[in-house]
Q: 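I have a structure here, written as structure tokens, and I will follow up with some questions on it.
Whatever order the structure lists ligands and atoms in, that order sets their numbers, starting from 1.
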Amino acid sequence: MKIGFGSDHAGIELKLQLMEHLSAQGHECTDYGNYDPNDRGDDYPLPGRRVAEAIREGEVEKGVLVCGTGLGISLAANKVPGIRACVCSEPYTASMAVRHNNCQIVSMGARVVGRDLAKMIVDTFFSCEFEGGRHEARVDMISGIERDYQKA
Ligand code: RB5
């Protein structure tokens with residue numbers, strides 16, 4: 001699978017570890033920055049947006065985001081219409097994020113989860129599939145909120 005990665009300065013180290021981990025499984029991993037831990041000009045809204053837009057444009061299928069908490073970078077990604085990014089700090093939520101919410105992006109906090117737990121989270125996220133059915137209607141309702149505000 002083609003996966004886009006993004007982080008701010010706080011998330012670079014974990015992002016690179018996860019890229020290595022998922023590349024070793026055969027995934028095609030692309031880094032959308034931040035590339036330099038000393039670069040504070042590439043704050044979390046920017047890489048969050050870049051990864052979300054790469055999914056929207058079809059450059060990659062899914063994304064992994066990392067900042068200090070996973071929060072800011074996921075909030076930014078979720079502003080891109082059609083994108084569903086969730087913060088996960090354990091595998092159960094990562095599983096449900098795909099199976100029920102059809103999220104394309106998993107976001108994590110490098111100051112919250114350790115490397116091995118983060119690997120379990122991404123392994124779970126990328127091994128699950130959306131269940132559709134009643135969940136499809138609910139996810140469509142989320143898109144409906146976006147459509148309502150785009151009309152306004
Ligand atoms: C940066 O210090 C920190 O605020 C950021 O990485 C993230 O946690 C924001 O949500």
Side-chain angles (χ1 to χ4, degrees), residues 1-25 27-128 130 138-139 141-150:
M1 183 184 292
K2 290 183 177 178
I3 305 172
F5 289 76
S7 70
D8 69 355
H9 56 277
I12 286 185
E13 189 181 350
L14 181 58
K15 175 186 68 180
L16 294 175
Q17 289 166 343
L18 293 174
M19 286 183 70
E20 190 180 335
H21 176 67
L22 290 167
S23 294
Q25 295 176 15
H27 294 288
E28 195 177 313
C29 299
T30 304
D31 191 352
Y32 288 86
N34 181 338
Y35 305 103
D36 177 357
N38 298 313
D39 178 6
R40 303 299 164 104
D42 200 23
D43 276 328
Y44 59 78
L46 302 172
R49 178 177 181 162
R50 287 196 293 269
V51 171
E53 288 179 340
I55 292 170
R56 203 179 144 87
E57 297 300 319
E59 282 173 35
V60 293
E61 291 164 64
K62 294 202 172 174
V64 175
L65 296 175
V66 189
C67 66
T69 58
L71 290 171
I73 202 162
S74 67
L75 292 171
N78 277 314
K79 292 294 181 190
V80 175
I83 295 302
R84 291 173 298 279
C86 59
V87 181
C88 296
S89 300
E90 33 68 34
Y92 177 76
T93 306
S95 157
M96 288 300 157
V98 178
R99 291 169 54 199
H100 286 192
N101 308 117
N102 202 14
C103 286
Q104 308 101 324
I105 295 179
V106 60
S107 183
M108 281 166 287
R111 296 171 182 161
V112 180
V113 297
R115 181 194 56 195
D116 287 355
L117 181 54
K119 286 181 184 175
M120 289 174 72
I121 290 167
V122 293
D123 285 347
T124 302
F125 188 81
F126 290 110
S127 68
C128 290
F130 182 47
R138 294 166 183 161
V139 172
M141 289 168 74
I142 298 173
S143 305
I145 298 169
E146 288 175 346
R147 283 194 297 275
D148 287 348
Y149 276 87
Q150 279 159 9

Q: Please report the interatomic distance CG(N101) to CE(M96), rounded to the nearest 0.5 Å.
A: 9.0 Å

Q: Note the single closest protein heavy atom to atom 3 (C) of ligand 1, along with its residue, its atom name and the distance in Å.
A: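 Minimum-distance protein heavy atom for atom 3 (C) of ligand 1 reads R111 NH1, 3.8 Å.
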
Q: At a 4.0 Å threshold, what atoms of ligand 1 neighbour a non-hydrogen atom of G72?
A: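 Near G72, the atoms of ligand 1 are 9 (C), 10 (O).
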
Q: Nearest 0.5 Å, please: how far is CG in N34 from CZ in R40?
A: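 Taking CZ in R40 and CG in N34, the distance rounds to 9.0 Å.
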
Q: G68 versus ligand 1: do any nitrogen or oxygen atoms come within less than 3.5 Å of each other?
A: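 Yes, at least one N or O pair falls under 3.5 Å.
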
Q: Looking only at protein heavy atoms, which one is nearest to atom 9 (C) of ligand 1, and what is the separation?
A: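 Ranking protein heavy atoms by distance from atom 9 (C) of ligand 1, first comes Y44 CE2, 3.4 Å.
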
Q: Which residue in the set R49, R56, R50 passes side-chain hydrogen bond (donor to acceptor under 3.5 Å, both in side chains) when paired with E53?
A: R49

Q: Is ligand 1 under 4.0 Å from a heavy atom in the side chain of C67, in the backbone, in both, or in neither?
A: both

Q: Please determine if K15 forms a cation-pi arrangement with Y32, meaning its NZ or CZ atom is less than 6.0 Å from the six-membered ring centre and no more than 45° off the ring axis.
A: no

Q: Where on T69 is there a heavy atom closer than 4.0 Å to ligand 1, on the side chain, on the backbone, on both, or on neither?
A: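 Within the 4.0 Å criterion, T69 contacts ligand 1 through backbone and side-chain atoms alike.
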
Q: Establish, yes or no, whether the cationic atom of K62 lies under 6.0 Å from the six-membered ring centre of F125 and within 45° of the ring axis.
A: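 Satisfied, under 6.0 Å and within 45°.
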
Q: Short list, please: which atoms of ligand 1 are under 4.0 Å from a heavy atom of A10?
A: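 Matching atoms, with element in brackets: 6 (O).
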
Q: Geometry only, no angles: is D8 polar-contacting ligand 1 at N/O separations under 3.5 Å?
A: yes

Q: Should V51 and I105 count as side-chain neighbours, where that means a heavy-atom distance under 4.5 Å?
A: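 Yes, side chains in contact.
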
